[in-house]
Amino acid sequence: MKLLSYFIVFLLTVFGFISCKSKTDSQTTEQIDRKWWKEAVVYQIYPRSFKDSDGDGIGDLKGILSKLDYIKSLGVDAVWLNPIYSSPNDDNGYDVSDYRNIMKDFGTMSDFDALLKAMHERKIKLVMDIVVNHSSDEHEWFKQSRSSRDNPYRNYYHWWNAEKGKPPYRYSLFDVNHDAWKYDSLTNAYYLHYFSQKQPDLNWENPKLRQEIYDMMKFWAEKGVDGFRLDAFQFAAKDTTFPAFPKGFEKNFVQYYAMGPNLHTYLKEMHTEVFSKYDVMSVAEGAGNTFQDAHDLVDADRNELNMAYAFEAIDIAKPEGYSVLHLKNVFSKWDSAFAEKGWLSVVLANHDQARLVSRFGNDQPEFRDLSSKMLTTFLMSMRGTPYYYYGDELGMTNAGFEKIEDYKDMPTLNEYQNQINIGGDLKKYMELIKFSCRDNGRTGMQWDTTANAGFTTGTPWLKTNKNYVSINVSAQEKDANSCLNYFRKMVKLRKDNEVLVYGQFTSIDKNNPAVFAYTREMKGKKLLVLLNFTNKPAAVNTGVDVNKATLLIGNYTSAPAAENLRPYEALIYEL
Ligand code: NOJ
């Protein structure tokens, strides 16, 4: 008995010592959980629009390969490619008909292998887009599934037999009538599609389907890809009894459709089957409805994902503008919710949005350059992994097409048809899409002043933005003060200052309606970031004498005037 109590005392002493030591270590911040994906700047490429190598008007893998030195010159660490798998392109690749093959428009598997090899030679990592909430209706699984009620693939999708009556309403984001159930006379049943009719939802309750997906992910991981972005995955798990949603909430997509039963079980399984076996990062599109949802997806001890990106900030920009205070609050509250645990992604633009500078900055000639640089300063100086969309480094702007014929985006065209069907205000709709349609952010990369901005020698799949003659890589390479060169400097500043990655974020002058001011602090190093988000001069109260601080970067060529910021001025000081 006595021996046993000695043993217990011994154990307590040893473990007490260890826990005491780790407490001390964490206080010295030596215990930072460093990960490559936390330190990375991720550059997103929309393959269809980056560089066309064969003149068919559509960007391709060889095109990206030919621009790898440019990508390397940006200083970014990883590239996220939107889907490159075989697809009939109802939704530009987000409708996959074969997960193990390359879309014909984009090239071949050997083009892919060559691209991955060349990226790795340049120490650039590759993140693949995994679209597994749904497939294409042209996928072999769906062809089998719809062929008969007793086909072995029937349960790969969600079917509702018509003799049960009409299924409870589900909202579809992309459907012309926003009805997510499509009747199929072949088997007298409805199938579910949260997106378009050509994007039937996969049934994650089926273990066979899940295994097929993990095997497919392993196929890409074995090839050496470095990460996965899970498209729309928060919607993958469903209550397959399909209860009616409460009245008035049938269209509440995030609250009622996201984070369904078993989602975490599936993610844990995916982690065991795939993520834990490779050095890959994982990021989900969407972070649920609450901070708790987001933590449940990404906290390291849960063994699910590394990161998720939330839409609260992205959704702030509206045609009539947005409140800077609102933006500050959203970013500040997300930062504090993740201050102790989990990891954030920092993003304001991607292929589902119009252009960064047109939405969050100011694309008028007087302010485009300044506001684009200000936004770059912001994205590269927040805590979290920045995702930066191709062309934003040039300050590319919305194309703002006037005619519906110039738009190619399926949901935009479907909604146009819906507006006709319901007698909606088409003029108003055209004004709206001019600002917000995702085609605005999908025009060809503006490389130079040759035809179609050097994106293609053929006819581009989407019209080129007319301003390519002045906004292009070639011109900006020659200008030391261009947006492009500013982006490079800002990426380098982040790389050279670990405090910008891991350092504590503290918002200052919180109620300032124009200036987002904050410090980043770590191991005795403190940086002060001042960003005027408006087109007017604005004063900021920093509580320190900035004249005594060292200016690390600024977006004006002339010296700043202490705490009086010029329109869209961005400054980072070391205190
Ligand atoms: C989200 C993707 O980002 C978007 O482009 C796509 O249309 C939908 N998911 C459907 O896959």
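Keep in mind it's a predicted model, so treat the numbers as computed, not measured. Atoms within a ligand are numbered from 1 in the order they appear, just like the ligands themselves.
Near His134, meaning under 4.0 Å from any of its heavy atoms, are these atoms of ligand 1: 10 (C), 11 (O). Which parts of ligand 1 touch Phe195 is read off a 4.0 Å heavy-atom cut-off, strictly below it: atoms 8 (C), 10 (C). Listed by number with element, the atoms of ligand 1 under 4.0 Å from a non-hydrogen atom of Phe174 are 7 (O). The atoms of ligand 1 that sit less than 4.0 Å from any heavy atom of Arg438 are 4 (C), 5 (O), 6 (C), 7 (O).
Checked by atom type and distance alone, the side chain of Asp60 pairs as donor or acceptor with a backbone atom of Gly63 at under 3.5 Å. No donor-acceptor pair closer than 3.5 Å links the side chain of Asn440 to the backbone N or O of Arg355. A donor-acceptor distance shorter than 3.5 angstrom exists from the side chain of Arg302 to the backbone of Asp296, with no hydrogens or angles considered.
Given atom 6 (C) of ligand 1, the protein heavy atom at minimum distance is Asp91 OD2, 3.3 Å. The single protein non-hydrogen atom nearest to atom 3 (O) of ligand 1 is Asp352 OD2, 2.4 Å, given as residue, atom name and distance. In terms of protein heavy-atom proximity, atom 11 (O) of ligand 1 is closest to Asp231 OD2, 2.7 Å.
A salt bridge between Asp98 and Arg100 is absent, with no side-chain N of the basic residue lying under 4.0 Å from a carboxylate O of the acidic one. Between Lys62 and Asp54 there is no salt bridge, since no side-chain N of the basic residue sits under 4.0 Å from a carboxylate O of the acidic one. With respect to the salt-bridge test (charged N to carboxylate O, under 4.0 angstrom), the residues Lys198 and Asp95 do not qualify.
The closest approach between a heavy atom of Arg229 and any atom of ligand 1 is below 4.0 Å.
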